[in-house]
Colleague: 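Got a structure for you, written out below as structure tokens; questions coming shortly.
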Amino acid sequence: MRKTFLTLLAVSLSAYPQAPPTARIKIDIDRTIGEVDSHLFGNFAEHLGRMIYGGIYEEGSPLSDKDGYRSDVMEAVKQLGVSLLRYPGGNFSSGYDWKDGIGPKDQRPVRMDLAWGSLETNRFGTDEFLRYCERIGAEPYICINGGLGTVDDARHWVEYTNFDQHTYWVDQRRKNGRDAPYKVKYWGLGNEIDGPWQMGQKSAEDYVKFANEAAKAMRWVDSSIKLVGSGSSNFGADWANWNRTVINGLRGQIDYIALHTYIGNPDNDLEKFLGQSSLNVEKYIQTTAGQIAERARPTDTRPIYIAYDEWNVWYRAQNDQHLEEKYNFEDALAMGMFFNAFFRHADVVKMANLAQMVNVIAPIMTNKQGLFLQPTYFPIAEYGRQRGNLALTSWVSSPTYVLNRQTLPYLDVSTTYNSRDRVICLNVLNRSMSQDIGTRIENQEGKLSSSADVWQMNYPDLKATHTFGDDKKVVPKTSTVAASAGRDGFTYTFPAHSLTILRLHME
Ligand code: AHR
């Protein structure tokens, strides 16, 4: 009964092009938080299901090039704007021996993968991955085996990829067709090592001992590399203590601490889904940022930042071994929730990797004949255009709702500024199921020109999905609206359950 009333209300409110303003947003280009790092638009390619084989790599397919890379997928990946690619896992990395994945393909061993209960042919390995990164224009980010692996495995991997004199491993690389070092800058010191689901799970203290030794040896091979410590991903347990121990134990060694978050809407409640997830992400970032700051000194030569190196919606395909999640319109809204949080903390969140890129909880889905783009693809690509901008503090006053005794604004906002083009991007997620929210947008510094560009995702059916041959439904719409150069700003109505990016031009 209540649902019917809300639905009717939603329809009637949506009929008004302009709702009377009940919200205000103040923009001030002087209030900067930090640069939106290009590495916030990273992605993740794990040996899991059809992410690699049948995803980015399919030997013998008419859609693949001579090296076995799927050309159609490569084009979609380039359009997504992937800046950094994490590999080879994930849980997979904790049982992986990178030496199995180099040399002549027909001589590579087939191994059991205990992380995902499958067989690994090793036909795609380090060289195939690094050449792929070069082709798509992304920086590689390799996660070492911090579970069952050794310090020697880790330092030899750096030697294979980055060293340039005549050593056993460098000569192996040359024999495998690559003379110049790949210069891999980003290395993860293991994945989710606190999780009982991880091969080689460790206590925080044992992990710190291992990671310190691995970091020392890897840096003695190449002092220019940047290292990511494994943060907690076992949020039910004592996650904050794990992070504190790792941050303090590896201070001076690591450049980043990793956070992972997967969200879901099992209760079929949009406002709860977008609200609770946002509260959690804020809590993880703020707590970890506080722990980083706790013992930081101005003289530290190696400041620590947050690498949100796994994030996404993932709850329907939990028991599907291939993790082929079908994303709908409300999941596309959640992409905005994540990016808004990362942008609001742009001073400390300096890396983020969507998990994952193709087929496995991914925005791009393939079959043998082609691919389709899930609704989540579009916000990821669009937010990516804000890399390099300055994130700004936005003052927001909006109608609110209550979730678990916490009051949340319906409008979830982030703002960035491109000083070269003099463009302000106002990113607004309206998480209300039923209210279109008329908003007064006031600019504090400089004048806005009289029109603004609008990019928006909104769709009547929250559960609408795409499939092969039908992926043009839940897509963004663009338009231009009147803005105002005057001091009083202008009013814009953010429709119920929508994600909007307003591009405001400064005169
Ligand atoms: O992305 C899927 C899995 O989720 C990763 O392998 C693991 O790190 C996380 O638990």
Side-chain angles (χ1 to χ4, degrees), residues 42-56 82 84-96 98 111-118 120 124 129 141-149 186-202 207 211 228-237 239 242-243 246 256-264 277 280-281 284 306-327 331 334-335 338 351-365 374 376 380:
N43 219 302
F44 178 28
E46 177 164 9
H47 282 257
L48 197 185
R50 299 190 307 122
M51 168 56 239
I52 305 282
Y53 306 107
I56 60 175
V82 176
L84 175 83
L85 193 55
R86 181 170 181 251
Y87 173 86
N91 298 340
F92 175 82
S93 59
S94 294
Y96 181 57
W98 68 272
R111 303 274 191 205
M112 284 181 79
D113 165 29
L114 301 184
W116 300 106
S118 60
E120 174 54 52
F124 188 99
F129 167 67
Y141 164 22
I142 291 182
C143 181
I144 67 161
N145 181 339
L148 302 180
Y186 296 93
W187 293 83
L189 295 170
N191 174 71
E192 298 187 351
I193 300 296
D194 63 327
W197 57 87
Q198 205 65 220
M199 287 175 271
Q201 180 195 6
K202 295 177 175 54
Y207 171 67
V228 184
S230 172
S232 173
S233 49
N234 196 4
F235 290 110
W239 73 273
W242 170 281
N243 279 8
V246 169
Y256 302 86
I257 172 118
L259 291 181
H260 293 178
T261 296
Y262 293 99
I263 63 170
S277 317
N280 289 343
V281 171
Y284 302 147
I306 291 173
Y308 230 110
D309 64 10
E310 285 187 34
W311 65 270
N312 207 342
V313 176
W314 174 25
Y315 65 110
R316 287 153 295 217
Q318 292 272 357
N319 298 322
D320 150 21
Q321 202 193 7
H322 288 165
L323 279 59
E324 301 211 353
E325 189 87 33
K326 249 193 154 207
Y327 289 115
D331 300 324
M335 301 295 106
F338 275 109
M351 184 194 286
N353 300 68
L354 179 86
Q356 302 195 9
M357 196 164 73
V358 185
N359 290 330
V360 172
I361 43 175
I364 302 167
M365 299 298 289
Q374 304 231 46
T376 50
I380 300 166

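Since the structure is predicted, the reported quantities are computational estimates derived from the model, not experimental observations. Numbering of ligands and ligand atoms starts at 1, following listing order.
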Colleague: What residue and atom, counting heavy atoms only, is the protein's closest point to atom 1 (O) of ligand 1, and at what distance?
Modeller: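 For this ligand atom, the closest protein heavy atom is Tyr262 OH, 2.8 Å.
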
Colleague: Could you work out, for atom 9 (C) of ligand 1, the closest of Glu310, Gln198, Gln356 by heavy-atom distance?
Modeller: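 Result: the heavy atom closest to atom 9 (C) of ligand 1 is in Glu310.
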
Colleague: Is any side-chain heavy atom of Met51 closer than 4.5 Å to one of Leu323?
Modeller: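 Contact flag for Leu323/Met51 side chains = no.
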
Colleague: Which pairs count as salt bridge (charged side-chain N to carboxylate O under 4.0 Å, His left out) when at least one residue sits in residues 352-361, sequence neighbours excluded?
Modeller: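 Qualifying pairs, neighbours excluded: none.
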
Colleague: Should Glu46 be counted as touching ligand 1, given the test is an N or O pair under 3.5 Å?
Modeller: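 N/O-N/O distance below 3.5 Å exists for this pair.
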
Colleague: Hey, is Val360 touching ligand 1 through its side chain, its backbone, both or neither, going by heavy atoms under 4.0 Å?
Modeller: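 For Val360, there is no contact with ligand 1 at all, from either part.
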
Colleague: If the cut-off is 4.0 Å to any non-hydrogen atom of Phe44, which atoms of ligand 1 fall inside it?
Modeller: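 Listed by number with element: 1 (O).
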
Colleague: Thinking salt bridges, do Glu120 and Arg111 make one under a 4.0 Å N-O criterion?
Modeller: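 Arg111 and Glu120: not salt-bridged.
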
Colleague: Which bit of Trp116 is near ligand 1, meaning a heavy atom under 4.0 Å away: side chain, backbone, both or neither?
Modeller: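 Near ligand 1, Trp116 shows its side chain, while the N, CA, C and O stay back.
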
Colleague: For ligand 1, which atoms, with element, lie under 4.0 Å from some heavy atom of Ile361?
Modeller: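 Atoms satisfying the 4.0 Å criterion: 1 (O).
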
Colleague: Counting heavy atoms only, which part of Asn191 comes closer than 4.0 Å to ligand 1: side chain, backbone, both or neither?
Modeller: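 Looking at Asn191 and ligand 1, just side chain atoms fall under 4.0 Å.
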
Colleague: Answer yes or no: is there a donor N or O on one side and an acceptor on the other, between the side chain of Gln198 and the main chain of Ser94, under 3.5 Å?
Modeller: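 Here the side-chain-to-backbone pair does not exist.
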
Colleague: Any atom of ligand 1 sitting under 4.0 Å from a heavy atom of Asn312?
Modeller: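 Not so, Asn312 does not reach ligand 1.
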
Colleague: Identify, for atom 7 (C) of ligand 1, the protein heavy atom at the shortest distance, and state residue, atom and that distance.
Modeller: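 Of every protein heavy atom, Asn91 OD1, 3.2 Å lies nearest to atom 7 (C) of ligand 1.
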
Colleague: Would you kindly say whether Asp309 and Tyr256 are connected by a side-chain donor-acceptor distance under 3.5 Å?
Modeller: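 Not at all, the side chains of Asp309 and Tyr256 share no donor-acceptor pair under 3.5 Å.
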
Colleague: Are any of the heavy atoms in Phe92 under 4.0 Å away from ligand 1?
Modeller: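 No, Phe92 has no heavy atoms under 4.0 Å from ligand 1.
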
Colleague: Do Asp194 and Tyr207 have side chains that get closer than 4.5 Å, going by heavy atoms?
Modeller: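 Asp194 does not reach Tyr207 side chain to side chain.
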
Colleague: Within the distance-only criterion (no hydrogens, no angle test), does the side chain of Asn353 pair as donor or acceptor with the backbone N or O of Gly42 below 3.5 angstrom?
Modeller: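 Judged by distance alone, no pair lies under 3.5 Å.
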
Colleague: Only heavy atoms of Glu192, strictly under 4.0 Å: list the atoms of ligand 1 that pass.
Modeller: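 What qualifies from ligand 1 is 7 (C), 8 (O), 9 (C), 10 (O).
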
Colleague: Please confirm whether the backbone N or O of Glu325 pairs with a side-chain atom of Gln374, one donor and one acceptor, at under 3.5 Å?
Modeller: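 Pair found, side chain donor or acceptor close to backbone of Glu325.
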
